[in-house]
Amino acid sequence: MIDQLLRAAALDSKAWPFEEARKLLERVKGKKHPMKEVLFETGYGPSGLPHIGTFGEVARTSMVRHAFETMSDIPTRLLCFSDDMDGLRKVPDNIPNKEMVVQHLGHKLTTIPDPFGKYESFGHHNNAMLRRFLDAYGFQYEFASATDYYTSGRFDKALLRALACYDEIMAIMLPSLREERSQTYSPFLPVHPESGVVMQVPIESRDVEAGTIVWRDPQSGKTYETLVTGGNCKLQWKPDWAMRWHALDVDYEMSGKDLIDSVKLASRICKVLGSPPPDGFNYELFLDEKGQKISKSKGNGLTIDEWLTYAGPESLQLFMYSKPREAKKLYFDVIPRAVDDYQAFLDAYGRQDLAQKLANPVWHIHQGSPPAPEVLVTQQDGRTQVVSFALLLNLVAVANAESKDVLWAFLKRYAPQVSPETHPRLDAMVGYAIRYFQDFVKPQKKYRQATSDERQALEDLSAALGRLPKEATSEQIQQAVYDIGRRDPYKTVQKDGSVGVSLAWFNTLYQVLLGEEKGPRFGSFAALYGIDNTRALIGKALKGDLG
RNA sequence: GGGCCCGUAGCUCAGUGGCAGAGCAUCUGACUUUUAAUCAGAGGGUCGAUGGUUCGAAUCCAUCCGGGCUCACCA
């Protein structure tokens, strides 16, 4: 049972998943008979591995689905439909055994041997990759294979209907095609009974009663009569989409804006077949840092794995939630912001009223039950403080942290009661920050070469550190740093007449040893980093191995 | 040519009818033995332009200017 207050707030919310869900509510009202279920569909072309757009589509559809479930008691299903009966047109770059796969161009993906050698076919392999990936995120969905649906006869009735509507479908499709293509176009693609190739050939005649089409093999000149049912024929893409909507009663499917015209055509065909086309909307495409569309074939932009190398899945979900109708650049630089925005939303959630909560992305990311934020410290006035990713990146850069231990030592100094056990998500974020630092920050660092004076001072510092006991405190180390610095040109005279050390000495340390303009208190750094490590760092800097 | 998106501070962007905001950057001050995951403060905008609706417009409508993406092969 859905709480009535929650339902009322959902019906009133302006957050986009609720706006979408209300469209579905209108659709339900428009039906004469009470609907048994509402079906959501996402499509997947398994000629390659799942990419970040696939993730976005499933994530966003799931958000609409959950919003709808908050508004209505009608059951819902999400069908992830894989078009694995498609003929392979191009051999993907990122697979092994390409020379084997190239022998099977034009064949159904589910009849091509798996180049990875693990599954029944290439199509099965890619389907398995999709499912593994969707399962990893805990998406609730049902998987559907086009090959299964076609061969099992599940589409037969709709296919015969499409055959009966052949002229109307052609009348819709032909004006959208160029002259040359329209000569050979057919909505039905017969599977060649001998070669297994999915044929793109004109239909010479058809028999609606028998449920067959007649076509000619352009190479042999031989004609064939093929059943449109039972998996002997596949539909060309756009009519296929329409037939599927009709056959399965799909209520909701979203797609990228590059498919706007295709959705229009398929919707018209769907109506001809006798069904209302699904609701949905066209989301904007993701761009790479240069503003170009991200596509599988180009291999530009970010992959899911790359995102998950530097941040958790929640931040990626937030990115997918935000502004689906705006083209957004998707590359490494957006990750820290997404992580920190996610934390800010999570932190705010507990303080918000119901209407605000429903407009908060974390409500949609976590199906209405976001986890509690991991608070680092609670201040006297009750305000809480969480560690931002930006902060961690800064810390990891100046501390030259290469392991979680070093970073945790800094964190614990600030909040002693916090540990990886009490704050597992923070611990994960520490790991992400270190990777981000290693891959993006460290290569950008500019280590200055030591001058001969500086070289002498650094050698003396290393020697002084070597004389300290292993368990020397940060204060003792800091004292040693000062003692070494009390020499020309760093020596200064303090107001009280004592000898001090100028800023230049510390700047030298950071520029030469850490490649930074600023840094942490050096004694603290050396104590946490380890005296031996610090001496090794000095040694490397003097040998010129850092820059 | 059709469609879609964008234009708000130096930069990146929030902000869908009610006093123009955040982060970063810049500047000032305090504090620490002179080093900052410190604290306090400041400067900085004709919200692309014009017209309209409204008591009230960055926000809604129309037109225009500028920038960009996408489709018109295949999926």
Side-chain angles (χ1 to χ4, degrees), chain A residues 14 16 19 43-48 83 86-90 109 175-178 180-182 184-185 189 198 200 234 236-238 240-241 255-266 281-288 290-297 322-329 333-334 336-337 340-341 344 359 376-377 385-399 407 410-411 413-415 433 475 478-479 481-483 485-486 490 492 494-496 498-511 514 516-525:
Chain A
K14 279 184 186 165
W16 71 263
E19 302 271 15
Y44 168 63
S47 53
D83 189 13
D86 196 28
L88 182 71
R89 282 181 184 72
K90 221 178 79 185
L109 288 160
S176 74
L177 300 168
R178 284 185 184 171
E180 195 185 327
R181 177 73 177 109
S182 65
T184 59
Y185 185 83
L189 309 175
V198 181
Q200 298 206 36
K234 186 191 182 319
Q236 209 277 346
W237 174 52
K238 278 169 255 197
D240 192 48
W241 211 3
S255 54
K257 78 158 189 191
D258 51 334
L259 299 185
I260 288 173
D261 289 334
S262 305
V263 171
K264 282 184 190 163
L265 288 173
F281 75 106
N282 293 285
Y283 52 84
E284 260 285 0
L285 305 176
F286 298 115
L287 312 175
D288 66 11
K290 280 177 259 162
Q292 300 293 305
K293 170 186 171 183
I294 285 179
S295 67
K296 279 184 283 189
S297 54
S322 305
K323 295 179 176 270
R325 288 175 202 275
E326 279 184 27
K328 291 187 296 181
K329 289 185 178 177
D333 300 31
V334 306
R337 171 88 181 255
D340 285 343
D341 284 353
L376 191 67
V377 289
Q385 191 181 338
V386 298
V387 181
S388 75
F389 198 49
L391 195 75
L392 277 182
L393 288 175
N394 190 8
L395 185 57
V396 97
V398 294
L407 215 48
F410 277 96
L411 290 169
R413 204 155 60 95
Y414 190 66
E475 281 310 310
Q478 184 75 359
Q479 206 46 250
V481 175
Y482 278 115
D483 288 344
R486 271 188 264 275
Y490 309 121
T492 59
Q494 301 291 92
K495 282 175 223 164
D496 62 2
S498 64
V499 177
V501 181
S502 84
L503 183 61
W505 168 232
F506 294 97
N507 286 345
T508 297
L509 293 179
Y510 297 123
Q511 290 165 9
L514 300 179
E516 296 281 327
E517 293 302 311
K518 291 177 175 177
R521 186 182 175 89
F522 200 82
S524 309
F525 167 76

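Convention: sequence-line order gives letters A, B, ...; per-chain numbering from 1. Just so it is clear, the values below take in all heavy atoms, side chains as well, and ignore hydrogens, waters and symmetry mates.
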Next on the checklist: When the C1' atoms of B:A57 and B:G51 are compared, how many Å lie between them, rounded to an integer?
Outcome noted: 13 Å
Checklist outcome for this item: What residues 256-263 of chain A contributes to the RNA chain B interface at heavy-atom separation below 4.0 Å is A:K257, A:D258, A:L259, A:I260, A:D261
Checklist entry - Can you list the steps and then say if A:D261 with A:K238 is a salt bridge (charged side-chain N to carboxylate O under 4.0 Å, His left out)? => result CA-CA 10 Å; A:D261 289 334; A:K238 278 169 255 197; over 6 Å; no
Checklist entry - How is A:D340 classified with respect to the nucleic acid when contacts are heavy atoms under 4.0 Å: base, sugar-phosphate, or nothing? => result nothing
Checklist entry - What integer distance in Å separates A:Y185:OH from B:C74:C1'? => result 11 Å
Item to check | Partner residues of A:V334 under the side-chain contact (heavy atoms from CB on, under 4.5 Å) criterion, sequence neighbours left out | outcome: A:W307, A:F319, A:L330, A:Y331
Next on the checklist: Using atom C1' in both nucleotides, what's the gap between B:C71 and B:U50 to the nearest angstrom?
Outcome noted: 32 Å
Checklist entry - Starting at CG of A:L265 and ending at P of B:G2, how long is that distance when rounded to a whole Å? => result 17 Å
Item to check | Mate of B:C31 where both pairing distances stay under 3.5 Å, Watson-Crick or G-U | outcome: none
Item to check | Aromatic plane relationship, A:W237 with A:W241 - under 30° parallel, 30 to 60° tilted, over 60° perpendicular | outcome: parallel
Item to check | Ionic contact status for A:K257 with A:E284, cut-off 4.0 Å | outcome: yes
Checklist entry - Are any side-chain N or O atoms of A:K328 and backbone N or O atoms of A:S322, one a donor and one an acceptor, separated by less than 3.5 Å? => result yes
Item to check | side-chain contact (heavy atoms from CB on, under 4.5 Å) partners for A:D483, two or more places apart | outcome: A:Q479, A:R486
Checklist entry - What pairs with A:R181 under salt bridge (Lys or Arg N to Asp or Glu O under 4.0 Å), at least two apart in sequence or on another chain? => result none
Checklist entry - Starting at CG of A:L88 and ending at P of B:C74, how long is that distance when rounded to a whole Å? => result 17 Å
Item to check | G-U wobble or Watson-Crick pairing nucleotide for B:A75 (cut-off 3.5 Å, both distances) | outcome: none
Checklist outcome for this item: To the nearest angstrom, the CG-P distance between A:L285 and B:C4 comes to 14 Å
Next on the checklist: Roughly how many Å apart are B:G7 and B:A14, using the C1' atom of each and rounding to a whole number?
Outcome noted: 15 Å
Checklist entry - Which base, if any, makes a Watson-Crick or G-U wobble pair with B:C4, both distances under 3.5 Å? => result B:G68
Next on the checklist: Minimum heavy-atom separation for A:L285 and A:G256, please, with both atom names.
Outcome noted: CD2-CA, 4.1 Å
Next on the checklist: Before you tell me yes or no, could you show the steps for A:N282 and A:S255 under side-chain hydrogen bond (donor to acceptor under 3.5 Å, both in side chains), namely the whole-Å CA-CA distance, both residues' side-chain angles and the distance that decides it to 0.1 Å?
Outcome noted: CA-CA 5 Å; A:N282 293 285; A:S255 54; 3.3 Å; yes
Item to check | Rounded distance in Å between the C1' positions of B:U59 and B:G3 | outcome: 24 Å
Checklist entry - Is any side-chain heavy atom of A:K234 less than 4.5 Å from a side-chain heavy atom of A:D240? => result yes
Item to check | Who pairs with B:G51 - Watson-Crick or G-U, where each distance is under 3.5 Å | outcome: B:C61
Checklist entry - What integer distance in Å separates A:L189:CG from B:C74:P? => result 11 Å
Checklist outcome for this item: Counting primed atoms, P, OP1 and OP2 as sugar-phosphate and everything else as base, the B/S/- map of nucleotides 6-17 of chain B against protein heavy atoms under 4.0 Å is S------SSS-S
Checklist entry - When rounded to the nearest Å, what value does the distance between C1' atoms of B:A58 and B:G1 take? => result 33 Å
Item to check | P gap between B:U12 and B:G68, integer Å | outcome: 15 Å
Checklist entry - Taking the C1' atom of each, how far is B:C61 from B:U26, in whole Å? => result 40 Å
Checklist entry - When the distance from NZ of A:K238 to P of B:C74 is rounded to whole Å, what number comes out? => result 6 Å
Item to check | For atom CZ of A:F281 and atom P of B:C5, their distance in whole Å | outcome: 12 Å
Item to check | Complementary nucleotide for B:U16 - Watson-Crick or wobble, under 3.5 Å | outcome: none
Next on the checklist: For the C1' atoms, the ones on B:G29 and on B:G66, what distance do you get once it is rounded to whole angstrom?
Outcome noted: 43 Å
Checklist entry - Does B:A75 have OP1 or OP2 sitting under 4.0 Å from an N or O in the side chain of A:Q236? => result yes
Checklist entry - For A:S262, which residues count as a side-chain hydrogen bond (donor to acceptor under 3.5 Å, both in side chains) partner, sequence neighbours excluded? => result none
